[in-house]
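Report on the following structure.
Lettering of chains follows the sequences in order, A, B, ..., and the numbering in each one begins at 1. This one's a predicted model, so the numbers in the text were calculated from it and none came from an experiment. All values below come from the heavy atoms of this structure, side chains included, with hydrogens, waters and symmetry mates left out.
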Protein chains: 2
Amino acid sequence: MGTGEKIMVKSADKSEVLKLGNQLCFPLYACAKEVIKIYRKPLEKIGLTYTQYIVMMVLWEFGKMKEKSLGEKIYLDSGTLTPVLKKLEKSGFVRRERLKADERVVQISLTDKGNKLKEKAKTIPQALDGCIHLSYDELVTLRGLLNKALEGTKEKY
Amino acid sequence: MGTGEKIMVKSADKSEVLKLGNQLCFPLYACAKEVIKIYRKPLEKIGLTYTQYIVMMVLWEFGKMKEKSLGEKIYLDSGTLTPVLKKLEKSGFVRRERLKADERVVQISLTDKGNKLKEKAKTIPQALDGCIHLSYDELVTLRGLLNKALEGTKEKY
DNA sequence: CATAATTAAATTGTGTGCAATTTATTTTAA
DNA sequence: TTAAAATAAATTGCACACAATTTAATTATG
């Protein structure tokens, strides 16, 4: 056992770096896509896309919000959010109104129809049941780690 | 303490279901987007988009592949994959050739330029260093749970 | 062996997602 | 107090992502 072993181990490690199985980014990307795919059909039944569903969840939880704050909460800028909100408005789920006190700001609020939709939406999360083979504890751990990772990304530099 | 408590607890639980913090789908969606955002700049320097990077990692690991198998590995269908592969071909990183034995199948292989790119790509995963505040153990746990969850979604029904 | 069924890519249409820019409004400062 | 800086949405351009359909080739079957 001379220097050969060390060198082999080092070069083996290096060549492993880019393998899909050793990456965090790949399962994260793929898993997020698969979950969105699973939600698509049940969401379609209540008239929402996935992104619209995320927006509606924020509004159901926090009520009326400025477009800016809404975007910060779900990590979307106006380039994505404005068209999504216009579609939700066209579907009759939200109102978009400029604040009189500051005409730059668009206030988003729920219509009656938007409020009522919450009841129908309560069964949506069950779409994952049976599709993701994790125990309750694993699920809680996963959610916790994702939220912690997400927290870290807020400090941009 | 009559039946009131039970009812309150039940209805409280119900109203919690759709809160962002209680959902798996939201941190998964948001975290995946943030990671892709972090990778964007370093990837741009070596001439790749995020999806192209995922494709190249598969090719670096497995070599020549049929478009179909490639798509299955990264959960993408031809609707997304065909244009991505055409761009990678135009950039000179891959070749696309119909199999003589079966003209339906497109075989994807790396060019010299595509092979050489692997060296430059080895530093890409470091982009996450400092952006995600997880210990090594947490990272391994997170990756493991994501891969396990991903595995479950393969059985569609 | 000829037609039906299957398979693999490609195409089409809709909906994000984001960087960069533009427009309108408000705040800051000279 | 007015020109400059900052802020919030909207717009533009490019790149996915996917369902649904189409096209071309191969395999299965009567």
Side-chain angles (χ1 to χ4, degrees), chain A residues 29-45 47-56 65-91 94 96-108 153 156, chain B residues 25 29-45 47-56 65-72 74-91 94 96-108 153 156:
Chain A
Y29 157 83
C31 203
K33 279 195 309 163
E34 290 305 294
V35 166
I36 291 172
K37 242 183 266 187
I38 291 166
Y39 272 104
R40 186 164 285 117
K41 266 185 201 295
L43 281 175
E44 199 177 351
K45 281 181 194 158
L48 294 176
T49 64
Y50 187 76
T51 312
Q52 289 171 7
Y53 171 62
I54 300 289
V55 168
M56 292 300 285
M65 281 186 95
K66 296 172 183 176
E67 178 169 335
K68 182 79 178 174
S69 329
L70 182 52
E72 279 164 3
K73 197 158 275 296
I74 59 179
Y75 303 84
L76 286 178
D77 72 358
S78 67
T80 304
L81 205 45
T82 299
V84 169
L85 290 170
K86 283 182 176 173
K87 278 168 205 159
L88 281 173
E89 186 183 40
K90 192 174 269 181
S91 301
V94 309
R96 295 168 59 251
E97 297 159 309
R98 296 269 171 189
L99 280 190
K100 289 212 179 65
D102 187 342
E103 290 279 356
R104 291 171 303 182
V105 176
V106 171
Q107 180 92 227
I108 312 296
T153 65
K156 300 273 167 66
Chain B
C25 75
Y29 157 83
C31 204
K33 279 195 309 165
E34 289 305 292
V35 166
I36 292 172
K37 240 183 267 186
I38 291 166
Y39 272 105
R40 185 164 286 116
K41 266 184 200 291
L43 281 174
E44 199 178 351
K45 281 182 192 157
L48 294 176
T49 64
Y50 187 77
T51 312
Q52 290 170 8
Y53 171 61
I54 300 289
V55 168
M56 292 301 285
M65 281 186 95
K66 296 172 183 176
E67 178 169 333
K68 182 80 178 174
S69 328
L70 182 52
E72 279 165 1
I74 59 180
Y75 303 84
L76 286 177
D77 71 358
S78 67
T80 304
L81 206 45
T82 298
V84 169
L85 290 170
K86 283 182 175 173
K87 278 169 205 161
L88 281 172
E89 186 183 40
K90 192 173 267 182
S91 301
V94 309
R96 296 168 60 250
E97 297 158 310
R98 296 268 171 189
L99 280 190
K100 290 214 179 63
D102 187 342
E103 290 279 356
R104 290 171 304 181
V105 176
V106 171
Q107 180 92 224
I108 312 295
T153 65
K156 300 274 167 66

Output the rounded distance in Å from CG (A:L88) to P (C:dG15).
12 Å
Side-chain (A:K66) to main-chain (A:L99) donor-acceptor, under 3.5 angstrom:
no
Atom CD of A:E44 to atom P of D:dC18: distance rounded to whole Å?
15 Å
Can you check nucleotides 17-24 of chain C for protein contacts, nitrogen or oxygen pairs under 3.5 Å, and list what you find?
| residue | atom | partner | partner atom | Å |
| --- | --- | --- | --- | --- |
| C:dG17 | OP2 | A:T51 | OG1 | 3.0 |
| C:dG17 | OP2 | B:Y29 | OH | 2.7 |

Compare the minimum distances between each of C:dG15, C:dA9, C:dT26 and the side chain of A:E103, then state the nucleotide with the smallest one.
C:dT26
Ring pair (Phe, Tyr, Trp, His ring centres under 6.0 Å) against A:Y39, all qualifying residues, sequence neighbours excluded
A:Y50, A:Y53
Check the pair A:T51 / A:I74 against side chain to side chain contact (heavy atoms under 4.5 Å, CB included), numbers first and verdict last.
CA-CA 10 Å; A:T51 312; A:I74 59 179; 5.8 Å; no
Rounded distance (Å) that lies between atom P of C:dT25 and atom CZ of A:R98
8 Å
Within less than 4.0 Å of OP1 or OP2 of D:dA15, is there a side-chain N or O belonging to B:Q52?
no
Please give, in whole Å, the distance from C:dA9 P to B:M65 CE?
11 Å
Is a side-chain donor-acceptor pair under 3.5 Å present for B:S78 with B:E67?
no
Here's a test of your reading of the structure: between A:E72 and B:A101, which maps to the more 5' nucleotide of DNA chain D?
A:E72
May I have the list of side-chain donor-acceptor pairs in residues 84-91 of chain B shorter than 3.5 Å, sequence neighbours left out?
| residue | atom | partner | partner atom | Å |
| --- | --- | --- | --- | --- |
| B:E89 | OE1 | B:R96 | NH1 | 3.3 |
| B:S91 | OG | B:K87 | O | 3.0 |

Main chain of A:T49, side chain of A:R40: is a donor-acceptor contact present, judged purely on distance under 3.5 Å?
no
Nearest-Å distance, CD (A:E89) to C1' (D:dA9)?
14 Å
Among C:dA10, C:dA8, D:dA9, the one nearest any side-chain atom of B:R96 is C:dA10
Separation of B:L85 atom CG from C:dA10 atom P, in whole Å?
8 Å
Under 4.0 Å from OP1 or OP2 of D:dA9: is there any side-chain N or O of A:K66 that close?
no
Output the rounded distance in Å from CG (A:L99) to P (C:dT25).
14 Å
CD/B:E44: more than 12 non-hydrogen atoms of other groups inside 6.0 Å:
no
Between C:dT16, D:dA10, C:dA8, which one does the side chain of A:T49 approach most closely?
C:dT16
Report the distance from atom CG of B:L70 to atom P of C:dA10, rounded to the nearest whole Å.
12 Å
